[in-house]
Amino acid sequence: METKWFTLRTVEDKESIAQAADILRRGGLLAIPTETVYGLGANGLDETAVLHIFEAKGRPQDNPLILHIPDASWLTRYCEDVPDAAYKLAERFWPGPLTMILKKKPCVPLRTTGGLETVGMRCPDHAVTRAIIEASGVPVAAPSANTSGRPSCTTAEHVREDMWGKIDGIVDGGPCQVGVESTIIDLTCEPPRLLRPGGLPLEALEDVAGPIAVDRAVTQQLKEGEQPKAPGMKYRHYAPHADLQLVEGETDRVVEVINNLVKEKLAEGKMVGVICTDETRVRYPQGEVRSVGLRAKEETIAHNLFAVLREFDDLNVDCIYSESFSKDHLGQAIMNRLTKAAGYHILNV
Ligand code: AMP
Ligand code: MG
């Protein structure tokens, strides 16, 4: 398949927006930029188009997709019994990295929701993408644009690596600002429940919605056969090819332990990656050392995390050791992604 590339940085480029929207309207697959990560979009009401998303990604069919809309006024087209809290949250946080799980209307196919009677709704904070969705006139089902299991794409180049020749178009709208996926909150239960931490910190959500329960799947590895409320949580996720191990503890000790592990692996003839921060970068003399950002500014870490994981794939390292982060605010999402990428392989020192 021929993949069309759109460099699209402004909503003034009406011609490209119309062409991109046309791909969606005709049932094609279009990679779209958002503030979180790149999405692989298709008309969420078109079962065939949605099936093609699952095929292009190699995504399990029971892993539901999120519907992207240009503003909260579209909620009632696809959702039933929308609670006041949803409008309150949309008012405060949309456009932005918040996905709300609501009861779906019959027009939303079960293929889109992975067989669930609920649907995830989000309004992305990317003007070009909202303009494309608006012009297409359809809600856009869009999971992350990576091949299933790989780290998510935070640039259009990442999407090219995974999807070139498999989809109809890629919209290059620049690098994603946030860098981790949206925060998912289930509003069909009382109290609301956090299903996935993401770009919008739980603390900010609670300021508006009151206390929120945290689903077990957010913090713990699920047991064999256990059904999570967010079906995506049961799959291997965000993982680089190499074995990734998280090292948790007081910083000086973490640096020391990682340096020793690197030395051991190098002696075995292995190629070793280290994920550190600007503050500790100079303390790692050996290995392929990459800083993910400033520990003191966790939004820089969220922004760079997936790009660093993908870079280690390109380098073909055999193993990776990573520093850990605090679990407050954005740190909750950062540690959730790192823990899953590491397959819960955590070394406490
Ligand atoms: P992705 O689009 O790859 O970031 O993944 C979207 C994730 O949202 C899925 O893997 C699910 O875990 C979650 N999700 C989407 N829709 C629902 C839903 N209706 N109920 C619960 N979780 C959902
Ligand atoms: Mg994903």
Side-chain angles (χ1 to χ4, degrees), residues 29 31-42 44 50 53-54 56-69 75 78-82 86 97-106 108-124 129 139-154 158-159 162-163 176 178-189 192-200 213-218 222 226-240 302 305-306 309-310 333 336-337 340-341:
L29 296 188
I32 47 173
T34 79
E35 81 283 29
T36 57
V37 300
Y38 270 76
L40 179 54
V50 166
I53 295 181
F54 286 97
K57 275 180 65 79
R59 180 173 173 112
Q61 302 274 342
D62 64 346
N63 192 354
L65 309 179
I66 292 168
L67 283 186
H68 293 68
I69 54 176
L75 277 176
Y78 314 114
C79 304
E80 238 151 45
D81 308 333
V82 179
L98 171 65
T99 297
M100 298 188 276
I101 305 296
L102 299 164
K103 215 163 119 187
K104 82 171 188 72
K105 277 195 168 157
V108 179
L110 289 169
R111 164 104 44 216
T112 301
T113 64
L116 300 170
E117 289 301 329
T118 55
V119 61
M121 302 297 299
R122 171 163 131 76
C123 173
T129 285
V140 175
S144 50
N146 53 287
T147 297
S148 219
R150 287 206 72 197
S152 306
C153 301
T154 51
H158 295 160
V159 182
D162 284 18
M163 292 297 155
C176 300
V178 175
V180 291
E181 293 83 350
S182 61
T183 301
I184 304 181
I185 178 175
D186 188 349
L187 292 179
T188 66
C189 49
R193 178 173 287 264
L194 178 76
L195 300 186
R196 175 177 76 184
L200 181 67
V214 176
D215 199 77
R216 249 174 56 78
V218 170
L222 295 167
E226 191 177 354
Q227 275 304 327
K229 271 210 85 179
M233 301 298 248
K234 69 177 179 236
Y235 295 107
R236 184 165 180 267
H237 246 118
Y238 321 115
L305 181 64
F306 286 131
L309 292 177
R310 292 182 81 96
N336 172 270
R337 304 306 187 271
K340 285 184 191 298

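Read the numbers this way: they start at 1 and go in the same order the structure lists the ligands and their atoms. No experiment lies behind these values; they were computed from the predicted model shown.
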Provide the protein N, O or S atoms situated under 2.8 Å from the Mg ion (ligand 2); waters are not included.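 Near the Mg ion (ligand 2), the protein supplies Ser144 OG.
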Out of Ile101, Thr112, Thr113, whose heavy atom is nearest to atom 17 (C) of ligand 1?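 Result: the heavy atom closest to atom 17 (C) of ligand 1 is in Ile101.
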Which heavy atom of [X] sits nearest to which heavy atom of [Y], and what is that distance?
| X | Y | result |
| --- | --- | --- |
| Thr99 | Ile66 | OG1-CD1, 3.6 Å |
| Met100 | Leu187 | SD-CD1, 3.5 Å |
| Val218 | Leu195 | CG2-O, 3.5 Å |

Just need the protein heavy atom nearest to [atom], so name the residue and atom and give the distance.
| atom | result |
| --- | --- |
| atom 2 (O) of ligand 1 | Pro143 CA, 3.0 Å |
| atom 11 (C) of ligand 1 | Gly232 N, 3.7 Å |
| atom 15 (C) of ligand 1 | Pro64 CG, 3.6 Å |
| atom 21 (C) of ligand 1 | Lys229 O, 3.1 Å |
| atom 19 (N) of ligand 1 | Thr118 OG1, 3.0 Å |

Assess, by modelled atom type and distance only, whether the side chains of Thr34 and Arg122 contain a donor and an acceptor separated by less than 3.5 Å.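 Looking only at side-chain atoms, Arg122 and Thr34 do form a donor-acceptor pair, the distance falling under 3.5 Å.
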Min side-chain heavy-atom separation Arg310-Asn146 under 4.5 Å: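 They are in side-chain contact.
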Met163 side chain reached by Lys57 side chain, heavy atoms, under 4.5 Å: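 Yes, side chains in contact.
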Would Arg196 count as a contact residue for ligand 1, given that I'm defining contact as a non-hydrogen atom of the residue lying under 4.0 Å from a ligand atom?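 In this structure, Arg196 qualifies as a contact of ligand 1 - some heavy atom is under 4.0 Å.
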Would you mind listing which atoms of ligand 1 come within a distance below 4.0 Å of any non-hydrogen atom of [X]?
| X | answer |
| --- | --- |
| Ala230 | 12 (O), 21 (C), 22 (N) |
| Leu116 | 18 (C), 19 (N), 20 (N) |
| Ser144 | 1 (P), 2 (O), 3 (O) |
| Leu195 | 21 (C), 22 (N) |

According to salt bridge (charged side-chain N to carboxylate O under 4.0 Å, His left out), who are the partners of [X], at least two apart in sequence or on a separate chain?
| X | answer |
| --- | --- |
| Lys103 | Asp81 |
| Lys229 | Asp186 |
| Arg196 | none |

How does [X] reach ligand 1, if at all, at less than 4.0 Å between non-hydrogen atoms: by side chain, backbone, both, or neither?
| X | result |
| --- | --- |
| Ile184 | side chain |
| Thr99 | neither |
| Asn63 | side chain |
| Arg59 | side chain |

Would Phe306 and Cys153 satisfy side-chain contact (heavy atoms from CB on, under 4.5 Å), going step by step from the backbone distance to the final call? CA-CA 7 Å; Phe306 286 131; Cys153 301; over 6 Å; no
Trace of the side-chain contact (heavy atoms from CB on, under 4.5 Å) decision for Leu102 with Glu80: CA-CA 7 Å; Leu102 299 164; Glu80 238 151 45; over 6 Å; no
